[in-house]
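In what follows, a single structure is set out as structure tokens and then discussed.
A, B, ... follow the sequence lines: proteins, then strands. Residue 1 opens every chain. Treat the numbers as computed from the prediction; the structure is a model and nothing was measured.
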Amino acid sequence: MPELPEVEVVRRGLVSWVRGRTITGVEVLDPRSIRRHALGLEDFIGNLLGATVMDVVRRGKFLWLPLVDSPAAQPLGDPAGGRVGPDSSPAVALMAHLGMSGQLLMQDAAAPDEKHLKVRLQLSPREGMPEQLRFVDQRIFGGLFVTAMVPTDDGGPGGLAETPLPLIAGEAAHIARDPLDPAFSFDLFYRRLRKRKTGLKRALLDQGLVSGIGNIYADEALWRAQLHYARPTDTLRRGEAERVLECARAVMLDALAAGGTSFDSLYVNVNGASGYFDRSLNAYGREGQPCERCAAAGIHSTIRREQFMNRSSHTCPVCQPRPRNGRF
DNA sequence: ACTCTGGCCTGTGGGC
DNA sequence: TGCCCACAGGCCAGAG
């Protein structure tokens, strides 16, 4: 179940394999994986064939490959009719979301099809590099589609990239910057957080407020910050908001350093190797096990699992007490 | 305008 | 052994 650090691992791995290569073949083995592409399968394939990948960019868990020089006519109704915008910037991008179980794998043509192979892209040959980029997805919560590149609303870069552009893939434009984005603004986040009338975890999971935080890292960040998931956002003090954001960032950086997290072997990075950060989790998946922070202080406490938002929430009842009257 | 629920998916595993 | 159901959860459409 890839979260932001895993997607960043994929981005970094992928860019050296695909940048500058041309898509010479597209095979869609399961059209359900192209479901968000409104103009249909033919348009999807036509937009990719002959296009050259310029970069691999990420914001939150959205990952996209800006494309140039496609011979396909009138992509997405763009009157320019081509891949290149007026300032020679990419006009469209191949967007990928890994969902719950998506993988992007570089493979040799001889490698047997994966059980849940959904899309196969053939790339122009390059010495010592696999010729296929494959999208594999068991649960089909993820998918691929082509989207237009649009200017960002703050003039900053669209996302993390080797060559940042003031453009963003249209389908990701509504997503807030993530905590690993150098252009992330804490002031903006805190201002919007205080206006919400909801619980802290729900806010952390809202990709429009801050992107890239999923259920696992939300639980970890809250545990590290010693805050309860139901804490009302409109009572959060600035220091508390800074703490939980900094903890989310720290969990992500730890996971990144470890090469990503893997829980059920569904997630592997672009080269096929699983991460191992799951051994370092303090809250998620540790129901009934001792809270390590309390244990270190000589206090006996066990991690509790509760249903919240149709998800599991893991907390320590001692060091993350449920808020009373909106505060501790 | 904001908040929140339901539904999309399939493989795994526990209960009977 | 085999059937059934709960569970995993990011994201969005649509209800409230």
Side-chain angles (χ1 to χ4, degrees), chain A residues 1-8 10 28-38 58-64 95-104 114-119 135-145 147 159 169-179 188-189 191-222 229-236 248 252 255 260-268 274 278 281 283-288 305-314:
Chain A
M1 39 195 90
E3 298 208 31
L4 182 148
E6 291 89 335
V7 182
E8 176 60 14
V10 171
V28 177
L29 291 93
D30 187 342
R32 291 177 299 174
S33 290
I34 318 295
R35 66 164 66 149
R36 292 174 66 166
H37 190 88
R58 182 191 61 74
R59 180 187 287 211
K61 294 171 215 171
F62 284 88
L63 194 67
W64 63 93
M95 171 73 85
H97 199 293
L98 301 181
M100 283 294 296
S101 54
Q103 298 167 254
L104 286 168
E114 290 76 9
K115 185 176 179 189
H116 299 289
L117 178 62
K118 303 299 184 186
V119 181
F135 180 70
V136 178
D137 192 11
Q138 176 197 109
R139 293 177 195 165
I140 326 183
F141 271 43
L144 303 182
F145 49 96
T147 180
E171 287 278 341
H174 65 292
I175 297 295
R177 292 185 185 277
D178 61 68
L188 177 62
F189 166 76
R191 222 166 27 239
R192 298 182 62 200
L193 182 74
R194 285 289 302 235
K195 283 186 197 154
R196 299 282 172 113
K197 292 235 174 297
T198 188
L200 178 54
K201 181 169 176 180
R202 197 185 287 277
L204 292 176
L205 293 175
D206 185 340
Q207 305 295 299
L209 188 61
V210 52
S211 69
I213 302 178
N215 195 46
I216 298 169
Y217 293 171
D219 280 2
E220 290 302 305
L222 289 166
Y229 61 79
R231 176 67 182 275
T233 51
D234 57 359
T235 70
L236 264 195
M252 289 177 180
T261 305
S262 178
F263 287 91
D264 52 12
S265 302
L266 281 173
Y267 170 76
V268 294
S274 292
D278 50 302
L281 295 177
Y284 184 87
R286 297 195 69 248
E287 181 186 17
R305 182 168 72 101
E306 296 165 276
Q307 286 302 107
F308 177 68
M309 292 176 68
N310 284 328
R311 303 284 182 266
S312 289
S313 276
H314 304 77

**Asked** Under 4.0 Å between a side-chain N/O of A:R139 and OP1 or OP2 of B:dT12, yes or no?
**Response** no
Between the protein and nucleotides 1-3 of chain B, list the N/O to N/O atom pairs that are separated by less than 3.5 angstrom.
{"from": "B:dT3", "atom 1": "OP1", "to": "A:K197", "atom 2": "N", "distance (Å)": "2.5"}
{"from": "B:dT3", "atom 1": "OP2", "to": "A:R196", "atom 2": "NE", "distance (Å)": "3.4"}

**Prompt:** Quick one: is B:dT10 close enough that its OP1 or OP2 comes under 4.0 Å of any side-chain N or O from A:S101?
**Reply:** no
**Interatomic distance where NZ belongs to A:K201 and C1' belongs to C:dG10 [whole Å]** = 13 Å
**Message:** Are the side chains of A:R196 and A:L209 in contact, using a 4.5 Å heavy-atom criterion?
**Reply:** yes
**Request:** Report the distance from atom CZ of A:F141 to atom C1' of B:dT10, rounded to the nearest whole Å.
**Result:** 9 Å
**Item:** Non-hydrogen side-chain atoms of A:L188 and A:R191 separated by less than 4.5 Å
**Value:** yes
**Asked** For residues A:D137 and A:S101, is any side-chain donor paired with an opposing acceptor at under 3.5 Å?
**Response** yes
**Prompt:** Side chains of A:V7 and A:R58: closer than 4.5 Å at any heavy-atom pair?
**Reply:** yes
Any protein N or O atoms within reach of nucleotides 11-15 of chain C? Criterion: under 3.5 Å, listing atom names and distances.
{"from": "C:dC11", "atom 1": "OP1", "to": "A:H97", "atom 2": "NE2", "distance (Å)": "2.2"}
{"from": "C:dC11", "atom 1": "OP2", "to": "A:Q207", "atom 2": "OE1", "distance (Å)": "3.2"}
{"from": "C:dC11", "atom 1": "OP2", "to": "A:Q207", "atom 2": "NE2", "distance (Å)": "3.4"}
{"from": "C:dC11", "atom 1": "N4", "to": "A:R311", "atom 2": "NH2", "distance (Å)": "3.3"}
{"from": "C:dC12", "atom 1": "OP1", "to": "A:R36", "atom 2": "NH2", "distance (Å)": "3.2"}
{"from": "C:dC12", "atom 1": "OP1", "to": "A:H174", "atom 2": "NE2", "distance (Å)": "3.3"}
{"from": "C:dC12", "atom 1": "OP2", "to": "A:H174", "atom 2": "NE2", "distance (Å)": "3.4"}

**Prompt:** Relative to the ring of A:F62, is the ring of A:H174 parallel (under 30°), tilted (30 to 60°) or perpendicular (over 60°)?
**Reply:** perpendicular
**Asked** Quick one: does A:Y229's side chain get under 4.5 Å of A:M309's, heavy atoms only?
**Response** no
**Request:** Check whether the side chains of A:T233 and A:K197 place a donor and an acceptor atom closer than 3.5 Å, and report yes or no.
**Result:** no
**Request:** For A:H314 and C:dC7, give me the distance from atom NE2 to atom P, rounded to whole Å.
**Result:** 12 Å
**Asked** Mapping A:M309 and A:R32 onto DNA chain B by nearest heavy atom, which one lands closer to the 5' end?
**Response** A:M309
**Which atom of A:L4 lies closest to which atom of A:M252, heavy atoms considered** = CD2-SD, 3.9 Å
**Prompt:** Reckon A:R192 touches a base, only the sugar-phosphate, or nothing at all at heavy-atom distances under 4.0 Å?
**Reply:** nothing
